[in-house]
Amino acid sequence: TNLKKAKNSNMFILLIALLVIWGVFIAITGGNFINFRNISNLLRQMSITGILSIGMIFVIISGEIDLSVGSQMALLGGIAAIMDVTFKMPFVVTVLVTLILGLIFGIWNGYWTAKKNVPSFIVTLSGMLVFRGILIGITGGQTISPISSAFKILGQSYIPKSLSYIIGIIFVLLLVYSKISDRKAKIANKIEAGNFKNDLIWIIGNSILIFLGIIILNSYEGIPTPVLLMAVLIIIFSFVSNKTAYGRTVYAIGGNINAAKYSGIDTQKIKMIIYIVNGFLVATAGLVLTSRLGAGSVSAGTNAELDTIAACVIGGASLSGGKGKVTGAILGALIMASLDNGMSMLNVEPSWQYVVKGLILLFAVLFDVQSQKKKKG
C-alpha cells in the first residue's frame, strides 16, 4: 500500500505540473493554447515521443538505456520513404519490412547488451552514430519525398467522428473488464481487494476523460490516427507491465539483477526481448514520423532520444532501474510536448527551448535521486 500511495502521489504531482504548465500557456496565449485545433496538434506532436516512451520505459525499468532511438527512428523512417518513393512498394510491404528491420535493430542492441555485457550506454551511443551514418549514406544527404497518399494516411489522417464514439465505448468496456478481473484475481488469491466504490469512481473518472477527449478532438477534425495508435499501444503495454509475468520479471531485473538471476530468471533473454520490443516500437514511431512529415529526412528524429528519456524520467522512472510506469512516461511525454508546443506558439527562440528542456531533465533526475536517498535513509 505504501508503494501504491507513492505511485499515486507521483502521478498526482505530474498532473499538477501539467495543469500549471497549461495554465501558464493559456494565460499568456489568451486561451489560444487550449483551442480545439491546438489540442489536436499537441496530441499529434506528442504521439511520436509517446510511442518511443512506451518502449523506452521497459528499457529504463530493466536498468538499461537506449540512446539510439532518435537515429534508429530516422533510419527506419528513411528506409520506409525510399521503399515508398524510389521503389514504389505497396504500403503494406513498406510497413512490414520497416517493422521487421526494427526488430533486427532491437536484436543488434540486445545482443551486445545482454549477451556480450557491453554497457547499454556505449552500445546505443554507438548505434546512435551508426544508424545516423547509414541514413546519410543511403539518402545521399537528400530528403526523400513525396511519399504516396496511402503512406500519408498513417500520420496525417483522422478517425471518422461517428467511429470515435464506438472506439470510446470499447475503451471504457476495457477499463471495466480490467478492474473487474483485477478484483476477482485479488479475491481468489485472498488479497485485500479494496473498496469497490473507489474502483467505481476510478472507472467513471476515466470514462469521463475518454469521452471529453473525444468530444474535444471531434470539435476539430476527429481523433488523429497516430493518437489512436498510441492509445492502443498504451493499453497493450500497460497490461503487459502490470498484469503479466514478463512485466514482473522486467521490474525484478531492474530492482536487483543478481537476485533475479538467483531466483531462476533468464535475465539475458528478458533483456533481449526488451530491446526487440523497443525496436518494434521505434519502427512504428519511424513510420508515423515519415508519414507526418510527408518525407524521409536526414535530420528527422534529432534529439528524440533525449525527449524520450526525459519523458520517462519526468514520468517517475528511475535511471537506476526497477521503477517506472507506462502511464507515467506518457504523462511525461505530454509535459514535454506541451512545453514544445507552448514555447513555439510564443515564438520562443529554439536555443531557449533547449535550455528549458535540459533544465527540466536535470531537475527530474535530481528529484528521483533525492527520493531514492529518502527511502534509503
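Along the sequence shown, residues carry numbers from 1.
A pairwise comparison of heavy atoms in Ser241 and Phe58 identifies CB-CZ, 3.7 Å as the closest pair. Counting all heavy atoms, side chain and backbone alike, Gly155 lies closest to Arg292 at O-CG, 3.8 Å. Ser344 and Asp340 make their closest contact through OG-O, 2.8 Å (heavy atoms, listed as atom of the first residue, atom of the second, distance). Lys161 and Asn218 make their closest contact through NZ-O, 2.9 Å (heavy atoms, listed as atom of the first residue, atom of the second, distance). Considering all non-hydrogen atoms of both residues, Ala333 and Ser53 come closest at CB-OG, 4.1 Å. Nearest heavy-atom pair across Phe237 and Val326 is O-CG2, 3.8 Å.
From Ile107, atom CD1 reaches atom NZ of Lys115 across 11.0 Å, with rounding to the nearest 0.5 Å. Put simply, CG on Leu76 and CG on Leu99 are 9.0 Å apart, with the number rounded to the nearest 0.5 Å. Note that OG1 of Thr308 is 11.0 Å distant from CD1 of Ile51, once rounded to the nearest 0.5 Å. Atom-to-atom distance recorded for Ile180:CD1 and Leu175:CG is 11.0 Å, nearest 0.5 angstrom. Considering CD1 of Ile210 and CD1 of Ile215, their distance stands at 12.0 Å, rounded to 0.5 Å. Interatomic distance, Thr139 OG1 to Ile79 CD1, rounded to the nearest 0.5 Å: 10.5 Å.
Listed for the Lys323 side chain is no donor-acceptor partner under 3.5 Å among the backbone atoms of Ser318. A donor-acceptor contact shorter than 3.5 Å is absent between the side chain of Lys116 and the backbone of Thr113. When atom types are taken as modelled, the side chain of Asp307 and the backbone of Ala304 share no donor-acceptor pair closer than 3.5 angstrom. Judged by distance alone, the side chain of Ser263 and the main-chain N or O of Ala260 form a donor-acceptor pair under 3.5 Å. Side-chain N or O atoms of Ser181 include one that pairs as donor or acceptor with a backbone N or O of Tyr177 at under 3.5 Å. Side-chain atoms of Ser145 do not come within 3.5 Å of backbone N or O of Ala295 as any donor-acceptor pair. Tyr251 places a side-chain N or O within 3.5 Å of a backbone atom of Gly324 that can act as its donor or acceptor partner. At least one donor-acceptor pair closer than 3.5 Å links the side chain of Thr290 to the backbone N or O of Gly286.
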Stepwise side chain to side chain contact (heavy atoms under 4.5 Å, CB included) test for Ser71 and Leu129: CA-CA 7 Å; Ser71 301; Leu129 301 170; over 6 Å; no

Side chain to side chain contact (heavy atoms under 4.5 Å, CB included) between Leu18 and Leu14, worked out: CA-CA 6 Å; Leu18 184 65; Leu14 276 182; over 6 Å; no

Step-by-step side chain to side chain contact (heavy atoms under 4.5 Å, CB included) determination, Leu319 to Ile60: CA-CA 6 Å; Leu319 288 173; Ile60 291 177; 4.2 Å; yes

From CA spacing to verdict: side chain to side chain contact (heavy atoms under 4.5 Å, CB included), Ser47, Leu229: CA-CA 8 Å; Ser47 61; Leu229 177 63; over 6 Å; no

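Criterion: ILVMFWY side-chain heavy atoms under 4.5 Å apart, direct or through other members. Under it, Ile34 and Leu331 are part of a common hydrophobic cluster. The hydrophobic cluster containing Val313 does not contain Tyr354, counting ILVMFWY residues as joined when their side-chain heavy atoms lie under 4.5 angstrom apart, directly or transitively. Under a hydrophobic-cluster definition in which Ile, Leu, Val, Met, Phe, Trp and Tyr are linked whenever side-chain heavy atoms come within less than 4.5 Å, directly or via other members, Ile208 and Ile214 are assigned to different clusters. Linking Ile, Leu, Val, Met, Phe, Trp and Tyr whenever their side-chain heavy atoms come within less than 4.5 Å puts Val369 and Leu359 in one cluster. Criterion: ILVMFWY side-chain heavy atoms under 4.5 Å apart, direct or through other members. Under it, Ile265 and Met272 are part of a common hydrophobic cluster.
Hydrophobic cluster membership of Val298, counting Ile, Leu, Val, Met, Phe, Trp and Tyr whose side-chain heavy atoms lie under 4.5 Å apart directly or via other members: Ile136. Side-chain heavy-atom separations under 4.5 angstrom define the hydrophobic clusters, and the remaining members of the one that includes Leu96 are Val92. Membership of the apolar cluster around Ile13 extends to Phe367, as traced through chained side-chain contacts below 4.5 Å between ILVMFWY residues. The hydrophobic cluster analysis finds Ile201 isolated: no Ile, Leu, Val, Met, Phe, Trp or Tyr side chain comes under 4.5 Å of it, directly or through other members.
Remark: Ile153 engages Ser157 in a side-chain contact (heavy atoms from CB on, under 4.5 Å) (not counting sequence neighbours). Looking at residues two or more places apart in sequence or on another chain, you find a side chain to side chain donor-acceptor pair (under 3.5 Å) between Ser68 and Asp66, Gln72, Asn109. Residues passing the side chain to side chain donor-acceptor pair (under 3.5 Å) test with Glu64 are Ser120, Lys271, sequence neighbours excluded. Every residue was checked against the side-chain contact (heavy atoms from CB on, under 4.5 Å) condition with Leu362, not counting sequence neighbours, and none meets it. Phe239 is linked by a side-chain contact (heavy atoms from CB on, under 4.5 Å) to Lys243, Thr244, counting only residues two or more places apart in sequence or in another chain. Residues forming a side-chain contact (heavy atoms from CB on, under 4.5 Å) with Asp84 (at least two apart in sequence, or on another chain): Ile147, Ser148, Phe151.
Side-chain atoms of Asn341 and Asn38 form a donor-acceptor pair, as typed in the model, at a separation below 3.5 Å.
Ring orientation note: the planes of Tyr165 and Phe211 are close to parallel, at an angle under 30° on the 30°/60° scale.
Within a 6.0 Å sphere centred on CZ of Phe280, heavy atoms belonging to other residues, nucleotides or ligands number 12 at most.
Here the side chains of Val356 and Gln353 are not in contact, with every heavy-atom distance at 4.5 Å or above. At a threshold of 4.5 Å between non-hydrogen side-chain atoms, the residues Met343 and Leu346 do not count as touching.
Pairs passing the ring pair (Phe, Tyr, Trp, His ring centres under 6.0 Å) check and including a residue from residues 96-125, sequence neighbours excluded, read Phe105-Phe131, Trp108-Trp112. Among residue pairs with one or both ends in residues 187-203, those qualifying as side-chain hydrogen bond (donor to acceptor under 3.5 Å, both in side chains) are Arg183-Asp199; sequence neighbours excluded.
Applying side chain to side chain contact (heavy atoms under 4.5 Å, CB included) to Thr249 and the options Thr267, Asp266, Ile270, Ile273 leaves one that passes, Ile270.
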